[in-house]
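Notes follow once the structure below has been shown.
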Amino acid sequence: MQEVDEATVRRIARLARLEITDADAGSLKSELNAILKWVEQLSAVDTKGVEAMTRVVSMRMKQRDDVVTDGEMAADIVKNAPMAEDNFFVVPKVVE
Amino acid sequence: MTDLTSLTLAEARDGLAGKQFTALELTDAFLAAIEQANPSLNAYVAVTADQARAMARISGNTLAKGKGRALEGIPLGIKDLFATKGVHTQACSQVLDGFKPTYESTVTQNLWDAGAVMLGKLNMDEFAMGSSNETSYYGPVVNPWRASGKNADLVPGGSSGGSATAVAASLCLGATATDTGGSIRQPAALTGTVGIKPTYGRCSRWGVVAFASSLDQAGPIAKTVRDAAILLKAMASHDPKDTTSADLPVPDYEAALGKGIKGLKVGVPKEYRIDGMPAEIEKLWQQGIDWLKAAGATIHEVSLPHTKLALPAYYIVAPAEASSNLARYDGMRYGLRVPGKDLIETYEKSRAQGFGKEVKRRIIIGTYVLSAGYYDAYYLQAQKVRTLIKRDFDEAYQKVDVLLTPATPNAAFPLRSMSNDPIQMYLNDIFTVTVNMAGLPGIAVPAGLAPDGLPLGLQLIGKAFDEETLFRAAEVIEQAAGRFPVSNRWWTGAAPGKSRKTS
């Protein structure tokens, strides 16, 4: 498997919305490569015809009636917001 | 009066019912013990003394009327991963700075409905990512155990290190914990306590901060097998708010105790005999086999050929799910916000400051393995390997009822001795992680001491939703091995020749 370079680490960090320093990029690169090398043994396993595991025991996904079961709690929802006004979240400007 | 904190949960329950002491006296004894121990052990990140006393008073009245519920007046510690209404809930992360939920997790609600008293929130590895409780934003938890003749601080294991330490040091009668790759069983083993990870779906995940949703499961850490059985019964339920919670009746686990294991078929998986396994672990395992045999079980060697793939597969699946679950922490709706020049920079700065090193490492791994072009090679392949791991267990359970393995590859290790080598740290979960990958129940029960006097545990792995057999077999080991209370309570300053830690 191809080694991950620092540019890839920066791209991944950008995708994950994590600001990283140059020092972080260097250490993350070596850690990521070490871990990817370690998990590489999985690629040697023959999984032809094997289904991916999605459930521990076969169980039918439940569906409930499509009805409103709660609501009217705007104040609760914004209670932990770093910034809120009149039950709205206050966020940095998104549209120019 | 005897020290109330030294009672087991079952003994305290009987003492309350027999009016030997009141619920308030019991809670006050624990609050005093926490105040004395926490500067040294750092098990609690928040103590809810007023709330605890208020709950204890209500329990006192209920008990006085002879109407005590299953856990009436029993003081418990709650891992910081469980949402508790109006109380500190941060998964021990700075990214959830100041977060106090306006709702209660199903598991903790079940406990309060059974009459339990909340002492406070327990320390843990940040977002349950760690095996030593060193990644917490609130600093490491210290294991109440010390190697004989030494006074170096040891880790309690993780991620439920605060839960394990609080139980081992008698700072609560039992604690909630969670287990994604071994986070209940490994710290239980390292502190001489009992910890059970039930079958995936047994306890509701609603209101439990998500790490890896297909693996996360709540369970108790307790002083004895009986206490663990009592707690799991109260915690477990079918919950319409968690679609993965199992719609099955919850058995009375305590009633399963005392029935013995005559005729039980116990499997010993040969793949767990790993290279370089310390002699004391090997010996402990053989001792466990002998105990079960002496109690009337039959022992059978079984093979779980995909065992060695479980840990690498886990380090794909868990970070992948974590990177997705942790995307919600963006500084907009709750938690830490670090302003940047625009929205994106605000996200990036908030997350960079809010998450610790190990969490960031796993987000990066997870984002990488899920990124375009890699999904099939990594995540999908790992999920297929899970199916193979599960099939190994299914085949073994054609022949046996339960499996016996070591719980950990080693005893508690010194603080900071492994934190710079992620893979070495991950290997601590080598015996526990297979169980999460297959979704099965597993219990860690203390079984002996290493030559340096530190506790070691054995693990029993059961069939899906057969926790009763685990409790029955674990009780046999507990009776044969005896219990392992911490002998040197150094943090109380009472032990002769031991000085109290000042740092």
Side-chain angles (χ1 to χ4, degrees), chain A residues 1 4 8-9 11-21 24 27-29 31-32 34-57 59-64 69 73 75-84 89-94 96, chain B residues 98-102 199-201 214 240 243 246-247 306 308-309 312-313 315-316 323 327 330-337 339-340 342-349 351-352 355 360-361 363-365 367-368 371 377-378 380-388 390 422-423 438-440 464-465:
Chain A
M1 204 157 291
V4 172
T8 308
V9 170
R11 185 175 61 83
I12 295 297
R14 184 80 178 166
L15 283 173
R17 297 286 183 255
L18 280 174
E19 184 185 68
I20 56 169
T21 63
D24 289 343
S27 64
L28 280 167
K29 183 188 86 126
E31 285 162 9
L32 186 58
I35 290 163
L36 291 175
K37 193 165 160 252
W38 178 56
V39 302
E40 207 178 86
Q41 50 186 306
L42 293 175
S43 60
V45 183
D46 182 7
T47 53
K48 208 169 285 167
V50 176
E51 269 189 54
M53 183 158 158
T54 50
R55 291 229 146 213
V56 173
V57 276
M59 208 191 293
R60 208 168 57 85
M61 185 71 95
K62 287 218 166 126
Q63 294 188 327
R64 66 169 178 84
T69 54
M73 50 173 79
D76 267 7
I77 287 164
V78 298
K79 192 156 193 229
N80 281 286
M83 282 178 81
F89 293 107
V90 179
V91 302
K93 196 169 159 188
V94 181
E96 290 304 322
Chain B
F99 185 66
K100 292 196 165 95
T102 54
T199 315
Y200 184 86
S214 76
T243 51
D247 192 359
H306 296 93
K308 72 173 193 323
L309 299 170
Y315 276 95
I316 304 267
S323 73
D330 60 4
M332 295 299 122
R333 290 154 300 161
Y334 37 71
L336 183 75
R337 181 185 293 185
D342 57 17
L343 182 70
I344 301 286
E345 202 183 280
T346 303
Y347 289 155
E348 290 183 342
K349 285 188 182 299
R351 289 166 63 79
F355 292 130
K360 281 188 230 182
R361 180 184 291 139
I363 290 175
I364 294 287
I365 300 168
T367 307
Y368 180 80
S371 63
Y378 288 113
L380 193 63
Q381 177 72 357
Q383 290 288 65
K384 287 178 177 173
V385 168
R386 275 182 86 174
T387 301
L388 296 175
K390 175 72 169 31
I423 294 178
L440 298 171
F465 298 106

Closest-packed option against chain B by number of heavy-atom pairs under 4.5 Å, given [options]:
options: A:A13, A:A34, A:A16; result: A:A16
options: A:L15, A:N80, A:D76, A:V91; result: A:N80
options: A:R11, A:E31, A:K79; result: A:E31

Between [options], which shows the greatest number of heavy-atom pairs under 4.5 Å with chain A?
options: B:T243, B:T102, B:T199; result: B:T102
options: B:F465, B:Y334, B:Y315, B:Y200; result: B:Y334
options: B:I423, B:L440, B:L388; result: B:I423
options: B:D330, B:I363, B:I344; result: B:I344

Using non-hydrogen atoms and a 4.5 Å limit, figure out which bit of [X] sits close to chain B: side chain, backbone, both or neither.
X: A:V90; value: backbone
X: A:L42; value: both
X: A:T8; value: side chain
X: A:L18; value: both

Original post:
In Å, rounded to the nearest 0.5 Å, how long is the span from CD1 of B:I316 to CH2 of A:W38?
Top reply: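 These two atoms lie 9.0 Å from each other.
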
Subject >> Test side-chain contact (heavy atoms from CB on, under 4.5 Å) applied to A:E19 - qualifying residues, sequence neighbours left out >> reply: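 For A:E19 the side-chain contact (heavy atoms from CB on, under 4.5 Å) partners, ignoring immediate neighbours, are B:E348, B:K349, B:A352.
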
[X] versus [Y]: any side-chain heavy-atom pair under 4.5 Å?
X: B:R361; Y: B:P422; result: yes
X: A:I77; Y: A:F89; result: yes
X: B:K384; Y: A:E51; result: no
X: B:P339; Y: B:E345; result: no

Subject >> A:T47: side chain to side chain donor-acceptor pair (under 3.5 Å) partners, not counting sequence neighbours >> reply: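 A:T47: side chain to side chain donor-acceptor pair (under 3.5 Å) contacts with B:Q381.
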
Original post:
Looking only at heavy atoms, which two atoms of B:T346 and A:P92 are closest? And how far apart?
Top reply: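 Looking at all heavy atoms of both residues, the shortest contact is OG1-CG, 3.9 Å.
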
For [X], is it the side chain, the backbone, both or neither that has a heavy atom under 4.5 Å from a heavy atom of chain A?
X: B:A327; result: neither
X: B:K360; result: both
X: B:S323; result: neither
X: B:I365; result: both

Subject >> Sidechain-backbone polar pair: B:T367 side chain, A:I12 backbone, donor-acceptor under 3.5 Å >> reply: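 Not a single qualifying donor-acceptor pair exists.
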
Original post:
Does A:M53 offer a backbone N or O that forms a donor-acceptor pair with the side chain of B:R386 under 3.5 Å?
Top reply: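 Checking the backbone N and O of A:M53 against the side chain of B:R386, no donor-acceptor pair under 3.5 Å is found.
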
